[in-house]
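Only one structure is covered here, and it is reproduced in the block below.
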Amino acid sequence: MIDVQLLRTQLDEVAARLATRGVPFDTDGFRALEIERKAIQTRTQELQSARNAHAKKVGQAKARGEDTTVLVAEAGGINRELGELEARLADAQRQLNDFLAGVPNLPHASVPVGKGEADNVEQRRCGAPREFEFAAKDHVDLGEGLGQLDFALGSKIAGSRFVVMRGALARLHRGIAQFMLDLHSTEHGYTEVYAPYIVNADSMYGTGQLPKFEQDLFIVPRSEEKWYLIPTAEVPVTNIVRDTIVPGESLPLKFVCHTPCFRSEAGSYGKDTRGMIRQHQFDKVELVQVVRPDASYDALEALTAHAETVLQKLDLPYRVMALCTGDIGAASAKTYDLEVWLPAQKAYREISSCSNFEAYQARRMQARFRNARGKPELVHTLNGSGLAVGRTLVAILENYQNADGSVTIPGALRPYMRGQERIEKEAA
RNA sequence: GGAAGGGUGGCAGAGUGGUCGAAUGCACCGGUCUUGAAAACCGGCAAGGCGCAAGCCUUCGAGGGUUCGAAUCCCUCCCCUUCCGCCA
């Protein structure tokens, strides 16, 4: 949630900055809602004050043993008007809240202004793409050739955009996640977390998936309300601090969490339909930080570097992109994407997204710490993939493939493969 | 799934219709004392909203209801604890 004070005091500047996202901000609509809200709120509070004073008088009169019939009758009049106004106030506040809940975060001043993907700015590259002396296959051909990756089976069991892995490939997939968890928890200072894969609506609202992006989620129906399958560990892990005041000295909080992620991918029909790039279910190791506001941009650089370390240790070529205003997520103030080289596509593809949300999520979650003056203040939250496990598997298959269709296992992962050096076709 | 008991400030925990935004303790902040610290003593100390301010309003798990007036009474739901059942 954007700071409503900012909208009240600097509406035009804020609207102009929001407009760089390519989503028009309705300043007139906001002004109208504000004027309405303010008028109703002022009058409602006057009446509430009158009611309270009146009720007190009745109490005092009763205590003195006086007759209260007249006073009570007067209160009836106040309450009739008040009842109506309170309903209108609730309505006005709900409208304003709905409006605010849909307003994206303000992009940080350092975010390049642009319309879309093409305007993202490359920050750096690491590792040179390997030259193949044979025609590089994509991960689908490689995995199916090895007999260890089965999309048809995924479709039979669940539907399109699901996959079944088996044997060494399934083990490698597990090993990748373990490797990442170990790296971040032992070398980067993150506390490992295990968290629910199903969350309630409050949690989804807190991190910003609701109310606007319900169509991207898998819903688990429940009596009265709904549960949701998490689209990323960001949701359960960041919500650890929802509705809490964290002791200032315990900041920063750094969590790493491996979970499956579930995304309905509504609206992306026909996009990345081949292979494991875009699945309804995939695993991801997520990094989450909760920090003091003055530390969040340093934390973003550090967190991004932590994610990059994984790619470096796996010797996978990648580049870092600063997303432009038109491409960053709604809740984010600044985002770096890590893109890994995929030889078959001859392109860099997203494998991690690292964002600073500043107080946007914290405000929705009421996640605070006690500042030097002893007053509660909103924390800043960040997260980034460290990394997407499925896409890392894809990158390893494609970058480490051999002419005979086998795949060399990167050295860093061999401890997780009982020392195995290559994945080869297994007897069925 | 059944039974019982609970959800109150950062934490613990009083409060069963009015002067309760809420005792008390802990924690925290300021002061006295002390070479310094501790202890002791004194004072302060919930959050959010509106307002230039004085101040006003809201909030005792959530929502609804009764009442002139609800933390307190009634209804529904959620959550927690203990016991029983079932179960990885």
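What you see is a predicted model; the values in this text were computed from it and never measured.
- A/Ile245 places its CD1 atom 5 Å from the P atom of B/rG10, with the value rounded to the nearest Å.
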Check step by step if ring-ring contact (aromatic ring centres under 6.0 Å, His included) holds for A/Phe99 and A/Phe25. CA-CA 10 Å; A/Phe99 179 90; A/Phe25 179 87; 5.6 Å; yes
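- Under the Watson-Crick or G-U wobble criterion, with both distances below 3.5 Å, B/rC41 is paired with B/rG31.
- Across all strands shown, B/rA70 has no partner, as no Watson-Crick or G-U wobble contact with both distances under 3.5 Å is found.
- The base of B/rG18 does not come close enough to the side chain of A/Gln60 for any donor and acceptor atom to sit less than 3.5 Å apart.
- Figure legend. B/rU76 is base-paired to B/rA62; pairs are counted as Watson-Crick or G-U wobble with both atom distances under 3.5 Å.
- Atom CZ in A/Arg43 sits about 17 Å away from atom P in B/rC56, given to the nearest Å.
- Nucleic acid contact for A/Gln5: sugar-phosphate only, since backbone atoms but no base atoms lie under 4.0 Å from a heavy atom of the residue.
- Within the 4.0 angstrom heavy-atom criterion, no nucleotide atom of any strand lies near A/Pro247.
- Pairing of B/rG10, defined by two Watson-Crick or G-U wobble distances under 3.5 Å, is identified with B/rC26.
- The nearest whole Å value for the distance from the NZ atom in A/Lys375 to the C1' atom in B/rA47 is 9 Å.
- Atom pair A/Glu74:CD and B/rC68:P shows a separation of 14 Å (rounding to whole Å applied).
- Between the CG atom of A/Asp202 and the C1' atom of B/rC78 there is a distance of 10 Å, given to the nearest Å.
- At a threshold of 4.0 angstrom between heavy atoms, the contacts of A/Ala55 include nucleobase atoms, whether or not backbone atoms are also involved.
- The CE-P distance, from A/Met1 to B/rG48, rounds to 14 Å in whole Å.
- Note on A/Arg363: nothing from the nucleic acid sits closer than 4.0 angstrom, heavy atoms only.
- Within 4.0 Å of A/Lys62, counting heavy atoms only, lies at least one base atom of the nucleic acid.
- Using a 4.0 Å heavy-atom cutoff across all strands shown, A/Arg37 reaches sugar-phosphate atoms only and no base atom.
- A/Asn200 comes within 4.0 angstrom of nothing in the nucleic acid, heavy atoms only.
- Put simply, CD on A/Gln48 is 6 Å from C1' on B/rC57, counting in whole angstrom units.
- No hydrogens or angles considered: nothing links the side chains of A/Asn52 and A/Ser49 as a donor-acceptor pair under 3.5 Å.
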